[in-house]
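Start at 1 with the first residue, then count along the sequence. Counting starts at 1 for both ligands and their atoms, in listed order. Heavy-atom basis, side chains included; hydrogens, waters and symmetry copies ignored.
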Amino acid sequence: MQIIDGKKIAAEIKREIAAEVDKRKSRGLKIPHLAAILVGNDPSSEIYVSNKIKDCKEVGFNSTLIRFDSNVQENELIDNIKKLNSDYEVDGFIVQLPLPDTISENKIIESIDPSKDVDGFHPVNVGKMVLGIPSFLPATPFGIIELIKRTGIKTAGKHCVVVGRSNIVGRPVSILLSLKGIDATVTVVHSRTENIKDIILQADILIAALGSPGFVKADMVKEGVVIIDVGTTRVVAPETKSGWKLVGDVDFENVAPKCSYITPVPGGVGPMTRVSLLRNTLLAASLKD
Ligand code: GUN
């Protein structure tokens, strides 16, 4: 059994990106610039966004954080998105989700210029991804594919079971895995799936992305399975300094001994997600060269 060190692989990619930024600087090319819009002060979103800004600094990107109160009007948000769409200095931007219930996430995403949509959430980019046309790929699925590739795990012809069908992880990763070049046979299971355990038992590669701590138990997986655990649920943990910890969708302690490879939580998919946004931002800037 091998634990996949996402933190180490992400650090390697970050060094590659930083070297690319240095090269751009020496050639007089534009320094990549990411902007992030944060509405309200959801604690998880605050952490995610501050990490994104920190990552930018680390690799030498410029970054801008734009904050709005949780009672901001949809129109005001769209006006600001339009400004970012036409601001040459900003190569790519994201609107951190979730948004307050009063705001339509679909409307907001559709108002982003697809050429600046480094989250890969705009329908144009989702459509391109489905067709296998180069586009901005959503960060977590992009990170998962890179993690699998850099670990040297074979995907061609393998049965990949994706647990969860969210717009930002389960559905897009299931599409990427079935594309030419990756060539997995993909099954998506979800909350309405019958005999879910029987299907998960057939997985050569299991992507757990349902957000239910410890859902995948040892008797649900076959010997030698590869597990990518995307779950990151914050649970109370009095034994830690912060008082909470991140827990994955897999009962790691009991499942890991049956795996050929498994990602830990934290330190698996999370760092790869963060680095994928940097890759997309670098791509957005380089498309202007
Ligand atoms: N909320 C949770 N994950 C993401 C993400 O990848 N992008 C944005 N914009 N919001 C998120």
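Residues Leu277 and Val126 are members of separate hydrophobic clusters, defined by side-chain heavy-atom contacts under 4.5 angstrom among Ile, Leu, Val, Met, Phe, Trp and Tyr.
Salt-bridge annotation for Lys30 and Asp289: absent, with no side-chain N of the basic residue lying under 4.0 Å from a carboxylate O of the acidic one.
With a 6.0 Å cutoff to the six-membered ring centre and a 45° limit on the axis angle, Lys288 counts as a cation-pi contact of Tyr88.
When hydrogens are left out, the protein atom nearest atom 8 (C) of ligand 1 is Asp119 OD2, 3.3 Å; that is the closest non-hydrogen contact. Of all protein heavy atoms, the one lying nearest to atom 3 (N) of ligand 1 is Ile168 CD1, 3.7 Å.
With Val226 as the fixed residue, the side-chain contact (heavy atoms from CB on, under 4.5 Å) test singles out one of Cys160, Cys259, Ser260: Ser260.
Closest heavy-atom approach to atom 11 (C) of ligand 1 within the set Gln96, Arg274, Glu105: this belongs to Gln96. Taking all heavy atoms of Phe142, Phe121, Phe93 into account, the minimum distance to atom 5 (C) of ligand 1 is reached by Phe121.
For Asn167, the CG atom sits in a loose shell: 12 or fewer heavy atoms of surrounding residues, nucleotides or ligands are nearer than 6.0 Å. More than 12 heavy atoms of other residues, nucleotides or ligands shown are found within 6.0 angstrom of CD on Glu223.
At a 4.0 Å cut-off, not a single heavy atom of Tyr48 sits close enough to ligand 1 to count as contact.
In terms of N/O distances under 3.5 Å, ligand 1 is approached by Leu97. For ligand 1, one of its N or O atoms has an N or O atom of Val95 under 3.5 Å away.
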